[in-house]
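Each remark here refers to the structure printed beneath this line.
A, B, ... follow the sequence lines: proteins, then strands. Residue 1 opens every chain. None of these values were measured; they are calculated from a predicted model.
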Protein chains: 2
Amino acid sequence: MPKVTPKPTTIEHVDLDVLENTLSFYIRTMNIAVSRDLDERLEGYDVARGTGKITTLLLVDSHPGIRPSVIAQIIMKDRSAMGRLIDQMIEHGLLTRQTSERERRAHELFVTPKGAELAATIRPIVTEQSKDFFSFIAEEEQAQVMDILRRAYRKMVGMTGEQH
Amino acid sequence: MPKVTPKPTTIEHVDLDVLENTLSFYIRTMNIAVSRDLDERLEGYDVARGTGKITTLLLVDSHPGIRPSVIAQIIMKDRSAMGRLIDQMIEHGLLTRQTSERERRAHELFVTPKGAELAATIRPIVTEQSKDFFSFIAEEEQAQVMDILRRAYRKMVGMTGEQH
DNA sequence: GGCAAATAGTGGACAAATGCAACTATTTTT
DNA sequence: AAAAATAGTTGCATTTGTCCACTATTTGCC
């Protein structure tokens with residue numbers, strides 16, 4: 001209980017308590033910043049806002065017939081959220097959906113020409129955004145972090161890399 | 001336009017297109033997973049859910065009198081979101097707020113005894129959660145990633161480390 | 001001194017995202 | 001043939017984030 005009004009703590013002098021050494025803190029915080037920046041760059045592209053639209057578009061584009069549930073695993077959403085995401089993208093004319101003939105429970109997704117075009121437009125933007133955003137980290141270090149996180153991610157979603 | 005029904009793409013065989021080499025993808029995705037895990041561990045602690053409560057509590061605890069706008073910068077929220085967060089925490093009896101005497105526009109935040117207690121409870125949980133969650137990454141690698149992200153974060157929020 | 005601009009915080013409205021649970025349809029197990 | 005598992009949909013309640021306008025106070029400038 002300080003007797004005098006404390007000097008205002010400015011951001012330069014703040015230490016982050018235990019968060020200083022907590023990886024999850026940095027992941028969570030950087031996420032906010034990266035996502036915001038990405039949204040700005042994609043403004044107007046009807047794939048902006050929220051995690052998942054970009055991944056979904058690119059995935060369907062490069063894996064025609066991929067099923068919603070597979071994408072859901074990859075972007076860590078539950079099926080209902082995934083479904084809504086797809087509805088949205090179909091409404092925007094980016095994807096089509098049809099029932100699989102061999103698995104009539106499942107759906108298969110395909111890009112429309114518009115979707116394919118958007119995918120092509122997006123690809124370089126997404127790549128550059130990431131590079132630019134992290135440009136104050138040396139290339140090698142970026143690669144290092146990415147390499148480590150990639151392995152972590154793969155274990156997490158069960159991409160073992162085994163071919164059978 | 002495939003003539004036959006394509007074989008279903010399973011998660012083991014998916015490649016992530018350009019996202020494979022996009023750091024922002026991994027940050028965004030890992031964020032979802034870490035945050036979910038954290039929420040589970042903090043369930044019931046009225047500091048769970050959403051980014052910011054934990055940081056706010058720990059920051060106020062270790063910097064009595066800190067101002068909302070400083071915290072806002074640190075957790076990258078705008079002032080109105082920050083205000084609501086604080087309202088919530090005051091309602092829960094974790095913080096108190098008073099007008100600064102030297103800057104009557106500004107507020108100063110303090111923890112209540114209950115808040116201090118919660119901070120003490122939370123601290124080890126948060127630290128361990130991060131370690132556990134990333135336990136499949138070697139300690140050194142964790143440290144490496146953290147070190148790099150820390151520097152990135154600091155530049156971003158303007159923590160230059162200068163003492164004046 | 002006095003006016004304009006900057007800073008700190010509040011409050012309202014609105015659009016999205018998230019999580020949960022219940023429900024249908026289809027396939028697989030037993 | 002019945003039960004369990006899988007794929008997807010729908011509705012609902014909660015939360016979050018964002019934008020904008022508004023007040024109070026301080027600082028800078030003429």
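- If you take OG1 on Thr56(B) and CG on Leu94(B), they are separated by 10.5 Å, rounding to the nearest 0.5 Å.
- The CZ atom of Arg67(B) sits 12 Å away from the P atom of dT7(C) (whole-angstrom rounding).
- When rounded to the nearest whole Å, the span between CD of Glu108(A) and P of dA7(D) equals 13 Å.
- With hydrogens and angles disregarded, a donor-acceptor distance shorter than 3.5 Å links the side chain of Lys114(A) to the backbone of His92(A).
- The CG-C1' distance, from Leu85(B) to dT15(D), rounds to 12 Å in whole Å.
- The interatomic distance linking Gln88(A) (CD) with dA15(C) (C1') rounds to 11 Å, in whole Å.
- At least one donor-acceptor pair under 3.5 Å links the side chain of Lys53(B) to the backbone N or O of Ala48(B).
- Closest to the side chain of Glu103(B), out of dG8(D), dT26(D), dG9(C), is dT26(D).
- In this structure, CE of Met82(B) is placed 17 Å from C1' of dG11(C), rounded to the nearest angstrom.
- Side chain of Thr112(B) to backbone of Gly93(B): a donor-acceptor contact under 3.5 angstrom is found.
- Regarding His107(A), its NE2 atom lies at a distance of 16 Å from the P atom of dT24(C), rounded to whole Å.
- For the pair Ile86(A) CD1 and dT10(D) C1', the interatomic distance rounds to 15 Å; values are reported in whole Å.
- Using a 4.0 Å cut-off, no side-chain N or O of Ser69(A) falls inside it from OP1 or OP2 of dT6(D).
- When atom types are taken as modelled, the side chain of Ser130(B) and the backbone of Leu23(A) share a donor-acceptor pair closer than 3.5 angstrom.
- Across the protein-nucleic acid pair, Asp39(B) atom CG and dC20(C) atom C1' stand 15 Å apart, rounded to whole Å.
- For Lys53(A) and dA16(C), the shortest distance from a side-chain N or O to OP1 or OP2 is not below 4.0 Å.
- Checked by atom type and distance alone, the side chain of Tyr153(A) pairs as donor or acceptor with a backbone atom of Ile74(A) at under 3.5 Å.
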Would you tabulate the pairs of protein nitrogen or oxygen atoms and nucleotide nitrogen or oxygen atoms of nucleotides 17-24 of chain D closer than 3.5 angstrom?
unit_1	atom_1	unit_2	atom_2	d
dG17(D)	OP2	Lys77(B)	NZ	2.9
dT18(D)	O4	Arg84(B)	NH2	2.9
dC19(D)	N4	Ser80(B)	OG	3.0

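- The shortest side-chain heavy-atom distance between Ile75(A) and Leu85(A) falls under the 4.5 Å cut-off.
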